[in-house]
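Since the structure comes first, as structure tokens, the remarks are kept for the end.
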Amino acid sequence: MKSISIKGSKRESVGKKASKALRNAGQVPCVIYGGDQPMHFNAPELAFKNLVYTPDAHTVEISLDGATYRAILQDIQFHPVTDRILHVDFYQIFDDKEVTMIIPVHFIGSSKGVLNGGVLRKNNRKLRIKALPDNLPDFVEADITELKIGSKLYVTALENEAYKFMHPDNTVVCQVRTSRNAVDEEEDEEEEGETAEAPAEAAAE
């Protein structure tokens, strides 16, 4: 998985007044959980641009006063009016410990059902997976090529040895639903078969 680097500074004062002063100075109050004890720090608001405003998933390399901590984004708070970042929570990760993370789904292929007029419904554009940090994928690939009208793609079809899905086996990732313009695929195939047989019959006569 791709990683983003953020350089910050540890902070001692964690009160509301101190946090407000940081925000006024263009800094974001943050905290890292998962280690021996929580670590409070602040970093420039611009440093979060490629981490927050993207559909992709990333791990984070956080540099604080000469030390580096590997983490993932756990929670983020936005101002209800301005949408500015108010606070960010990170969770520290370790090479030998599995971590749970939400990963985006990339849909590939051309569905047979969609080609026949069906509509692809993406039930889950992101999935929660559990894996060792080095096995975290940038995205989960879902091939929709074989989906016909009425077919569903379940999370079990995306199983991978490197990670496991934290969803029930009957979780639907996507499905092809019928529409007014949909063509019945079986009837379409039968018509093609009849068309192919017609010249042969004519030749026999």
Side-chain angles (χ1 to χ4, degrees), residues 1-107 122-142 155 158 160 162-168 171 173:
M1 176 177 286
K2 296 176 182 177
S3 182
I4 290 177
S5 297
I6 291 179
K7 188 174 182 179
S9 301
K10 289 183 179 181
R11 60 193 181 101
E12 299 298 332
S13 181
V14 295
K16 292 183 178 180
K17 187 175 181 180
S19 296
K20 184 177 181 180
L22 285 172
R23 296 187 188 104
N24 289 338
Q27 298 284 316
V28 177
C30 308
V31 62
I32 304 176
Y33 296 104
D36 296 332
Q37 58 184 4
M39 288 182 290
H40 297 270
F41 71 98
N42 58 272
E45 187 173 2
L46 291 176
F48 297 90
K49 180 180 178 181
N50 294 328
L51 176 64
V52 178
Y53 305 106
T54 174
D56 300 327
H58 298 88
T59 55
V60 188
E61 298 285 342
I62 302 173
S63 300
L64 301 176
D65 302 336
T68 300
Y69 304 89
R70 196 177 181 194
I72 58 173
L73 178 65
Q74 187 174 47
D75 187 39
I76 185 167
Q77 298 175 21
F78 294 94
H79 190 282
V81 178
T82 65
D83 278 339
R84 289 189 63 184
I85 301 173
L86 296 179
H87 193 276
V88 179
D89 289 353
F90 291 97
Y91 187 81
Q92 188 174 358
I93 57 178
F94 303 90
D95 292 341
D96 59 345
K97 292 184 179 181
E98 290 187 322
V99 63
T100 300
M101 192 172 183
I102 296 176
I103 305 296
V105 178
H106 284 194
F107 298 89
K122 299 176 181 178
N123 301 67
N124 284 283
R125 296 173 183 269
K126 294 183 178 181
L127 294 170
R128 186 181 298 273
I129 70 169
K130 187 175 184 179
L132 292 172
D134 288 341
N135 290 337
L136 290 170
D138 291 317
F139 56 84
V140 175
E141 195 170 85
V155 70
L158 309 180
N160 190 297
Y163 49 83
K164 54 188 175 184
F165 293 101
M166 307 303 288
H167 298 272
T171 299
V173 180

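Any value given below was found using the heavy atoms of this structure, including those in side chains, with hydrogens, waters and symmetry copies removed.
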Quiz item: Looking at NZ of Lys164 and CE of Met166, how far apart are the two atoms once the value is rounded to the nearest 0.5 Å?
Solution: 6.5 Å

Quiz item: Around atom CZ of Phe107, are there more than 12 heavy atoms of other residues, nucleotides or ligands at under 6.0 Å?
Solution: yes

Practice problem: Considering non-hydrogen atoms only, spot the tightest contact between Leu136 and Ala131 and give its length. | Solution: CD2-CB, 4.2 Å

Quiz prompt | Shortest non-hydrogen contact from Pro133 toward Arg70 | solution = CB-NH1, 3.8 Å

Quiz item: Pick one: which of Val88, Asp83, Thr82 meets side chain to side chain contact (heavy atoms under 4.5 Å, CB included) with Ile85?
Solution: Val88

Quiz item: Roughly how far, to the nearest 0.5 Å, is the CG atom of Asn42 from the SG atom of Cys30?
Solution: 7.5 Å

Practice problem: Please examine the side chains of Gln92 and Phe90, heavy atoms only from C-beta on, and report whether any two atoms are closer than 4.5 Å. | Solution: no

Quiz item: Shortest non-hydrogen contact from Gly8 to Phe41?
Solution: CA-CD1, 4.3 Å

Exercise. Please lay out, stage by stage, how Ile32 and Leu64 fare under the test side-chain contact (heavy atoms from CB on, under 4.5 Å).
Key: CA-CA 11 Å; Ile32 304 176; Leu64 301 176; 4.1 Å; yes

Exercise. Start with the C-alpha distance between Phe165 and Val173, add both sets of side-chain angles, then the distance that settles side-chain contact (heavy atoms from CB on, under 4.5 Å), and finish with yes or no.
Key: CA-CA 12 Å; Phe165 293 101; Val173 180; over 6 Å; no

Exercise. Drop me the distance from Leu86's CG to His79's NE2, to the nearest 0.5 angstrom.
Key: 6.5 Å

Quiz prompt | Passing candidate, side chain to side chain contact (heavy atoms under 4.5 Å, CB included) with Tyr91, options Ile72, Val31, Asp75, Val60 | solution = Ile72

Quiz item: Between the side chain of Thr171 and the main-chain N/O of Pro168, is any donor-acceptor distance below 3.5 Å?
Solution: yes

Quiz item: Side chains of Ile129 and Pro137: closer than 4.5 Å at any heavy-atom pair?
Solution: yes

Quiz item: Is the shortest heavy-atom distance from the side chain of Val105 to the side chain of Lys122 under 4.5 Å?
Solution: no

Quiz item: Atom CD1 of Ile4 and atom NZ of Lys49: how far apart are they, to the nearest 0.5 Å?
Solution: 11.5 Å

Self-check item: Straight-line distance of Leu73 CG to Thr59 OG1, nearest 0.5 Å
Solution: 11.5 Å

Quiz item: Which pair of heavy atoms, one from Asp95 and one from Leu132, lies closest together, and at what distance?
Solution: O-CD2, 3.7 Å

Quiz item: Which residue, Met1, Gln74, His58, Lys126, forms the side chain to side chain contact (heavy atoms under 4.5 Å, CB included) with Met101?
Solution: Met1

Quiz item: Are Phe48 and Ile76 close enough, and set up right, to give a side-chain contact (heavy atoms from CB on, under 4.5 Å), and what steps lead you there?
Solution: CA-CA 11 Å; Phe48 297 90; Ile76 185 167; 5.9 Å; no

Quiz item: So, does His167 use its side chain to make a donor-acceptor pair with the main chain of Arg128 at under 3.5 Å?
Solution: yes

Self-check item: Side-chain touch His40/Ser19, heavy atoms, less than 4.5 angstrom
Solution: no

Quiz item: Looking at Ser9 and Asp65, what are the two nearest heavy atoms and their distance?
Solution: CA-OD1, 4.2 Å

Quiz item: Parallel, tilted or perpendicular: which fits the ring planes of Phe139 and His106, with parallel below 30° and perpendicular above 60°?
Solution: parallel

Self-check item: Exam field: side chain Asp138 to backbone Lys2, donor-acceptor pair closer than 3.5 Å
Solution: yes

Quiz item: When you look at Ile103 and Tyr163, which way does the side-chain contact (heavy atoms from CB on, under 4.5 Å) test go after all the steps?
Solution: CA-CA 11 Å; Ile103 305 296; Tyr163 49 83; over 6 Å; no

Exercise. Over all heavy atoms of both residues, which pair between Asn50 and Thr54 is shortest? Give the atoms and the distance, please.
Key: O-CG2, 3.2 Å

